Amino acid sequence: MSGKEVDSGRETPSGIPVQAVYRPADAATDYDRDLGDPGNYPFTRGVQASMYRGRLWTMRQYAGFGTAEETNTRFRLLLERGQTGLSVAFDLPTQMGIDSDSPRALGEVGRAGVAIDTVEDMHALLADLPLETVSTSMTINATAATLLAMYIVVAEERGISRSVLSGTIQNDLLKEYIARGTYIYPPGPSLDLIADIFRFCADEVPRWNPISISGYHIREAGATAVQELAFTFANAIEYVKRAISAGLEIDAFAPRLSFFFASHNDLFEEVAKFRAARRMYARIMRDRFGARDASCRMRFHTQTGGVTLMAQQPLNNVVRVTVQALAATLGGTQSLHTNGYDEALALPTAEAATLALRTQQIIGYESGIANTVDPLAGSYYVEALTDQLESRAMDLIAKVDELGGAERAVAAGFFQEEIARSAYEFQLRVEAGATTIVGVNKFADESEPLAIPSPDYSALEREQVRKVAGVRTARDGTRVSESLASLRQAAGRAAGADRPLMPLIIDAVRARATVGEISDTLAACWGVYNPAL
């Protein structure tokens with residue numbers, strides 16, 4: 001059999017045909033041009049020369065439970081058990097800029113993560129945590145500026161300089177319009193605010209990543225690995241262009257850009273995806289923007305696939321998560337969240353969260369994959385897949401370019417239609433049995449689902465409403481009104497370097513303005529996005 005013959009019907013989840021055997025001609029890669037040593041352009045083999053030989057990836061488990069106090073307890077538990085970074089999940093009202101005491105928040109407070117209404121909640125969330133030494137990732141987008149401001153104010157009120165703070169805000173609004181839906185303002189002013197945050201972090205919080213450009217949620221919505229790569233980098237191009245047009249120098253902000261990807265079940269396609277991602281990004285940044293090598297290093301966080309978790313036979317998810325974690329680490333991730341086996345049913349229990357963390361620790365300390373850098377490099381199959389993923393993803397980026405860039409492609413519905421088509425085709429394959437899901441459409445049984453206790457969300461909501469009322473009563477109302485008026489005046493002016501908003505948002509947070517009050521102030525100037533219009 002020649003290397004070009006295809007075993008009928010075998011392909012990756014992205015539709016890339018898979019040969020029975022791969023030979024050198026199938027991975028005709030020029031080492032210096034396409035690979036290079038780890039730590040060198042185009043960074044295919046890793047962004048650091050030593051990678052995990054020098055330090056393992058950050059084990060950053062995602063957590064958020066109702067109240068700030070409960071979430072703080074989980075954070076301290078995970079740190080005690082060896083976690084090396086924090087990751088915060090916020091509830092839906094917080095993400096949407098709605099206070100817990102608003103009628104619009106009824107029934108949603110604390111359900112999908114922690115409720116944060118004021119800086120006092122942030123104080124409770126971060127109590128006794130070493131902000132000087134631990135990095136914190138916050139999955140927050142439309143209200144990212146406000147939550148970053150709260151983090152900074154908490155640190156300063158504890159005597160910690162903002163210059164030493166390290167972490168990431170997701171702050172990726174384009175993917176919200178594409179795949180997730182927690183947007184507030186129209187794309188134009190949202191992108192202006194993101195550029196403002198870039199500028200502020202570069203000047204004031206140099207160790208902070210001002211954005212985590214997210215392919216994860218695009219993948220969760222049904223995208224293939226190819227679409228995940230293409231649409232993530234199309235969004236990245238839009239953010240970089242917007243920052244440059246706002247007067248920022250590419251190398252002043254680009255080294256702090258970060259990314260967030262999913263890791264799914266096809267081990268080799270996922271490894272190849274991460275390797276292709278580094279090479280694509282390096283070439284985009286150098287060729288399109290003339291960035292220096294330090295700005296071409298793509299650092300990324302990975303989360304195992306939420307949509308791959310099954311409620312049926314949930315312990316099978318332990319194996320799925322292990323395969324996905326292997327793919328992420330073999331692919332060179334900088335940090336990793338591993339899902340709990342019970343997350344298809346509820347927020348993860350302490351037992352499931354601990355096992356998920358132990359999965360990373362066993363891979364890191366027992367598997368041997370950290371002994372050498374990019375251990376799958378030179379595999380004819382992996383190199384061929386890396387090339388194929390890059391080529392197909394760049395073709396999709398070219399289509400976005402033809403539409404005028406990511407912002408216009410969002411308005412045209414291009415991303416949304418492409419993802420919907422892929423999701424539909426995947427579901428058809430599952431229902432036909434062409435794609436196997438163990439315990440669901442093959443090897444199913446009648447086992448009872450896990451019984452997971454649910455918090456009393458009504459009591460939690462009442463307590464959170466009480467706390468918000470207490471802050472409103474105790475604060476200086478005149479100071480709050482003045483800070484919000486200053487923010488409104490600045491937000492109403494034309495976008496540009498003469499309209500910095502982050503210092504004004506920080507002032508409002510110090511005055512104990514709420515997330516909802518700050519969001520409403522900006523919405524009064526910018527409007528609320530309605531995709532139907």
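Predicted model only: the values in this text are computed from it and were never measured.
- Side-chain contact between Met122 and Val509 is absent, with no heavy atoms from C-beta onward closer than 4.5 Å.
- By the 4.0 Å N-to-carboxylate-O rule, Glu120 lies close enough to Arg512 to be salt-bridged with it.
- Scanning both residues, Cys201 and Trp208, for their nearest heavy atoms gives SG-CD1, 4.2 Å.
- Formation of a donor-acceptor pair under 3.5 Å by the Asn441 side chain with backbone atoms of Val430 is found in this model.
- Taking 4.5 Å as the limit, every side-chain heavy atom of Leu484 sits out of range of all side-chain heavy atoms of Asp520.
- Counting only residues at least two apart or in different chains, side chain to side chain donor-acceptor pair (under 3.5 Å) contacts with residues 473-482 comprise Arg475-Glu517.
- Side chain of Asn72 to backbone of Leu125: a donor-acceptor contact under 3.5 angstrom is found.
- In this structure, CH2 on Trp57 lies 11.0 Å from OG1 on Thr302, to the nearest 0.5 angstrom.
- Side chain to side chain, Asp99 and Ser102 fail the donor-acceptor criterion of an N or O pair below 3.5 Å.
- When side chains are defined from C-beta on, Asn141 counts as touching Lys175, because their heavy atoms get closer than 4.5 Å.
- Distance alone, capped at 3.5 Å, places no donor-acceptor pair between the Arg162 side chain and the Val205 backbone.
- Within a 6.0 Å sphere centred on OH of Tyr457, other residues, nucleotides and ligands contribute more than 12 heavy atoms.
- Ala353 and Arg74 get closest at one heavy-atom pair: CB-NH1, 3.8 Å.
- The distance from atom OG1 of Thr232 to atom CD1 of Ile178, rounded to the nearest 0.5 Å, is 8.5 Å.
- Ile218 and Ala179 make their closest contact through CA-CB, 4.0 Å (heavy atoms, listed as atom of the first residue, atom of the second, distance).
- Judged by distance alone, with hydrogens and angles left aside, the side-chain atoms of Asn171 form no donor-acceptor pair with the main-chain N or O of Ala144 at under 3.5 Å.
- We find the CG-CD1 distance between Leu336 and Ile363 to be 7.5 Å, quoted to the nearest 0.5 Å.
- Side-chain contact check for Ser135 and Arg60: at least one donor-acceptor pair (N or O, by modelled atom type) lies under 3.5 Å.
- The aromatic rings of His337 and Tyr62 sit perpendicular, their planes meeting at an angle over 60°, well past the 30° parallel limit.
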I'd like to know whether Leu79 forms a side chain to side chain contact (heavy atoms under 4.5 Å, CB included) with Leu129, so could you lay out the CA-CA distance, the side-chain angles of the two residues, the decisive distance to 0.1 Å, and finally the verdict.
CA-CA 9 Å; Leu79 289 172; Leu129 298 177; 3.8 Å; yes

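- Ring geometry for Phe231 against Phe415 counts as perpendicular: the plane angle is over 60°, on a 0 to 90° scale with 30° as the lower cut.
- Salt-bridge annotation for Arg320 and Glu343: absent, with no side-chain N of the basic residue lying under 4.0 Å from a carboxylate O of the acidic one.
- In this structure, Glu176 contributes its side chain and Ala142 its backbone to no donor-acceptor pair below 3.5 Å.
- The shortest distance between side-chain heavy atoms of Val109 and Leu460 falls below 4.5 Å.
- Panel note: side chain Glu270, backbone Gln324; no donor-acceptor pair is recorded below 3.5 Å.
- Listed for the Thr333 side chain is a donor-acceptor partner under 3.5 Å among the backbone atoms of Phe300.
- Paired with Phe259 under the rule ring-ring contact (aromatic ring centres under 6.0 Å, His included), one option of Tyr281, Tyr239, Tyr216 passes, and it is Tyr281.
- Smallest separation of non-hydrogen atoms from Ser519 and Ile184: OG-CD1, 4.2 Å.
- A donor-acceptor pair under 3.5 Å links the side-chain atoms of Glu220 to the main chain of Gly306, judged by distance alone.
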Could you check Glu407 against Tyr177 for side chain to side chain contact (heavy atoms under 4.5 Å, CB included), going step by step and ending with a plain yes or no?
CA-CA 9 Å; Glu407 183 179 359; Tyr177 303 118; over 6 Å; no

Would you check, one step at a time, whether the test side chain to side chain contact (heavy atoms under 4.5 Å, CB included) holds for Asp172 with Ile213?
CA-CA 6 Å; Asp172 178 1; Ile213 305 166; 3.9 Å; yes

Intermediate values then yes/no, side chain to side chain contact (heavy atoms under 4.5 Å, CB included), Leu92 and Arg111
CA-CA 8 Å; Leu92 191 59; Arg111 285 185 177 270; over 6 Å; no

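- The OG atom of Ser258 sits 8.0 Å away from the CD1 atom of Ile211 when rounded to the nearest 0.5 Å.
- Residue Ile505 holds its CD1 atom at 5.0 Å from OG1 of Thr146, rounded to the nearest 0.5 Å.
- You'll find the side chain of Asn316 stays beyond 4.5 Å of the side chain of Met310, heavy atoms only.
- For the pair Arg256 and Asn209, the minimum side-chain heavy-atom distance is below 4.5 Å.
- A 4.5 Å side-chain heavy-atom check between Phe274 and Leu330 finds every atom pair outside the cut-off.
- Atom CZ of Arg53 is surrounded by 12 or fewer heavy atoms from other residues, nucleotides or ligands within 6.0 Å.
- Scanning both residues, Glu351 and Tyr341, for their nearest heavy atoms gives OE1-OH, 2.9 Å.
- Under the 4.5 Å side-chain criterion, counting only non-hydrogen atoms from C-beta, Phe200 is in contact with Ile152.
- Under 3.5 Å, the side chains of Thr58 and Gln334 contain no donor-acceptor pair of N or O atoms.
- Side-chain contact of Asn339 with Thr304: a donor-acceptor pair under 3.5 Å is present, judged by distance alone.
- Using modelled atom types, no side-chain atom of Glu69 and backbone atom of Ala124 make a donor-acceptor pair closer than 3.5 Å.
- With 3.5 Å as the limit, one finds no donor-acceptor pair spanning the side chains of Ser190 and Tyr183.
- For Arg158, the CZ atom is densely surrounded, since the number of other residues' heavy atoms within 6.0 Å is greater than 12.
- For the residue pair Asp121/Gln464, the side-chain donor-acceptor check at 3.5 Å is satisfied.
- No donor-acceptor contact under 3.5 angstrom links the side chains of Gln360 and Gln83, judged on distance only.
- Crowding of Glu156 atom CD: a count of heavy atoms from other residues, nucleotides or ligands under 6.0 Å exceeding 12.
- Defined by atom type and a distance below 3.5 Å, a donor-acceptor pair is missing between the side-chain atoms of Gln61 and Arg81.
- The 12-atom threshold is not exceeded at CG of Asp128, counting heavy atoms of other residues, nucleotides or ligands nearer than 6.0 Å.
- Note that the CE atom of Met96 and the CD atom of Glu108 stand 10.5 Å from one another [nearest 0.5 Å].
- Using modelled atom types and a 3.5 Å distance limit, the side chains of Ser422 and Gln227 yield a donor-acceptor pair.
- Across all non-hydrogen atoms, the minimal contact from Met59 to Thr84 is N-OG1, 2.7 Å.
- More than 12 heavy atoms of other residues, nucleotides or ligands sit less than 6.0 Å from atom CZ of Arg358.
- Side-chain atoms of Asn235 do not come within 3.5 Å of backbone N or O of Ala406 as any donor-acceptor pair.
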